[in-house]
Amino acid sequence: MAKIAAGDLQQADLVRMISDLRARVKALELQASVRTLPFVAVADSVSSTTLTRVAWTTFPRSGSAVSADVSLTLSGASSAEVQLRADGQQIDSRTVTTSGTVTVSGFLPEQWAFGARKVVDVQVKVNAGSAAVAVVAGSHR
């Protein structure tokens, strides 16, 4: 590697290098701050018109938000509601009318203290028929 003398660099070169380093550090900080959450499956299909727990996870709070990607295959149902709950409180709800993957996410309740371990669960209900359900990803940041 060639040695660079102080006079070899222009101010614009230094600004560009510092900007590049800042962008790389920010990207690494974002990667490090997102934690994958493994969800435990409770049910792989739902045929109820009332909310049914399909998956849950527990973790010590170290951030402010949580999200889950839920795969749904509707069968005889024209819609399904997917709800994300943290410590018993609803933090997000999505209604879907076609099969596919939906993301539910939201901020954790303020009363959930940092370091405290609580339960986050995904609940689903259909308007009729049934739906095959799987939580395919989850994260906490």
Side-chain angles (χ1 to χ4, degrees), residues 1-6 8-141:
M1 185 169 174
K3 187 162 181 124
I4 299 175
D8 293 343
L9 296 173
Q10 300 295 318
Q11 186 174 3
D13 295 328
L14 294 172
V15 169
R16 182 183 45 76
M17 286 178 180
I18 290 172
S19 294
D20 181 52
L21 284 172
R22 284 183 177 162
R24 290 168 51 190
V25 167
K26 183 177 181 180
L28 288 171
E29 286 174 342
L30 288 173
Q31 287 176 359
S33 69
V34 175
R35 291 178 176 81
T36 300
L37 290 178
F39 276 82
V40 176
V42 178
D44 57 6
S45 67
V46 174
S47 58
S48 176
T49 56
T50 59
L51 287 168
T52 303
R53 178 191 263 189
V54 296
W56 65 274
T57 188
T58 183
F59 58 92
R61 180 177 181 173
S62 62
S64 61
V66 66
S67 70
D69 296 336
V70 182
S71 173
L72 290 160
T73 304
L74 302 179
S75 177
S78 59
S79 69
E81 179 184 350
V82 179
Q83 201 175 93
L84 183 64
R85 301 179 69 82
D87 195 26
Q89 293 182 339
Q90 176 185 329
I91 59 173
D92 193 18
S93 180
R94 301 272 190 235
T95 299
V96 296
T97 56
T98 59
S99 297
T101 302
V102 61
T103 299
V104 284
S105 62
F107 291 101
L108 298 171
E110 288 182 22
Q111 63 271 22
W112 185 349
F114 279 84
R117 183 172 288 275
K118 303 281 183 161
V119 173
V120 171
D121 62 351
V122 175
Q123 298 184 3
V124 177
K125 71 177 181 178
V126 292
N127 67 335
S130 64
V133 182
V135 176
V136 294
S139 62
H140 170 51
R141 61 176 171 82

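All residue numbers in this chain count up from 1 along the given sequence. Bear in mind the structure is a predicted one, so any value in this text is a computation, not a measurement.
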What distance separates Arg141 CZ from Leu37 CG, expressed to the nearest 0.5 Å? 12.0 Å
CA sep, side-chain torsions, deciding dist, call: Val42, Val54, side-chain contact (heavy atoms from CB on, under 4.5 Å): CA-CA 5 Å; Val42 178; Val54 296; 5.8 Å; no
Ser71 side chain to Thr101 main-chain N or O, any donor-acceptor pair under 3.5 Å? no
Crowded around Asp13 CG? As in, over 12 foreign heavy atoms under 6.0 Å? yes
Indicate the atoms forming the closest heavy-atom contact of Phe39 with Gly138, along with that distance. CE1-CA, 3.8 Å
Nearest atoms (heavy-atom pairs only) where Ala86 meets Trp112: CB-CZ3, 4.1 Å
Indicate yes or no for a side-chain donor-acceptor contact from His140 to the backbone of Thr36 under 3.5 Å, with no hydrogens or angles considered. no
For atom CD of Glu110, decide whether the heavy atoms of other residues, nucleotides or ligands shown that lie under 6.0 angstrom number more than 12. no
Find out whether Thr49 and Lys125 are in side-chain contact, i.e. whether some heavy atom of one side chain is under 4.5 Å from a heavy atom of the other. no
Quick one: does any side-chain atom of Thr57 pair with a main-chain N or O of Pro38 as donor and acceptor, under 3.5 Å? yes
Between Gln90 and Leu51, is the side-chain contact (heavy atoms from CB on, under 4.5 Å) condition met? List the steps. CA-CA 12 Å; Gln90 176 185 329; Leu51 287 168; over 6 Å; no
Can you find a pair of side-chain heavy atoms, one from Val133 and one from Leu72, that are under 4.5 Å apart? yes
Any Lys/Arg nitrogen of Asp20 or Arg16 sitting under 4.0 Å from an Asp/Glu carboxylate oxygen of the other? no
How close do Ala131 and Leu74 get, counting heavy atoms only, and between which atoms? CB-CD2, 3.8 Å
Under a 4.5 Å cut-off applied to non-hydrogen side-chain atoms, are Phe59 and Val120 in contact? yes
The complete set of salt bridge (charged side-chain N to carboxylate O under 4.0 Å, His left out) pairs with one or both residues in residues 84-95, sequence neighbours excluded, reads Asp87-Lys118, Asp92-Arg94
I'd like to check the side chain to side chain donor-acceptor pair (under 3.5 Å) partners of Thr103; sequence neighbours left out, ordered by chain and number. Asp69
Distance only, no hydrogens: is a donor on one side chain within 3.5 Å (strictly under) of an acceptor on the other, for Ser139 and Ser67? yes
For the side-chain contact (heavy atoms from CB on, under 4.5 Å) test, which of Val96, Val46, Val135 pairs with Val124? Val46
Does Gln83 reach the side chain of Ser93, with side-chain heavy atoms less than 4.5 Å apart? yes
Distance col, row Ser64:OG vs Phe114:CZ, nearest 0.5 angstrom, shows 6.5 Å
Return the OG1 to CG distance between Thr58 and Asp121, rounded to the nearest 0.5 Å. 11.0 Å
What's the shortest heavy-atom distance between Ser47 and Ser130, and which atoms? CB-CB, 3.9 Å
Least distance between heavy atoms, Leu84 atom then Gly106 atom: CD2-N, 4.4 Å
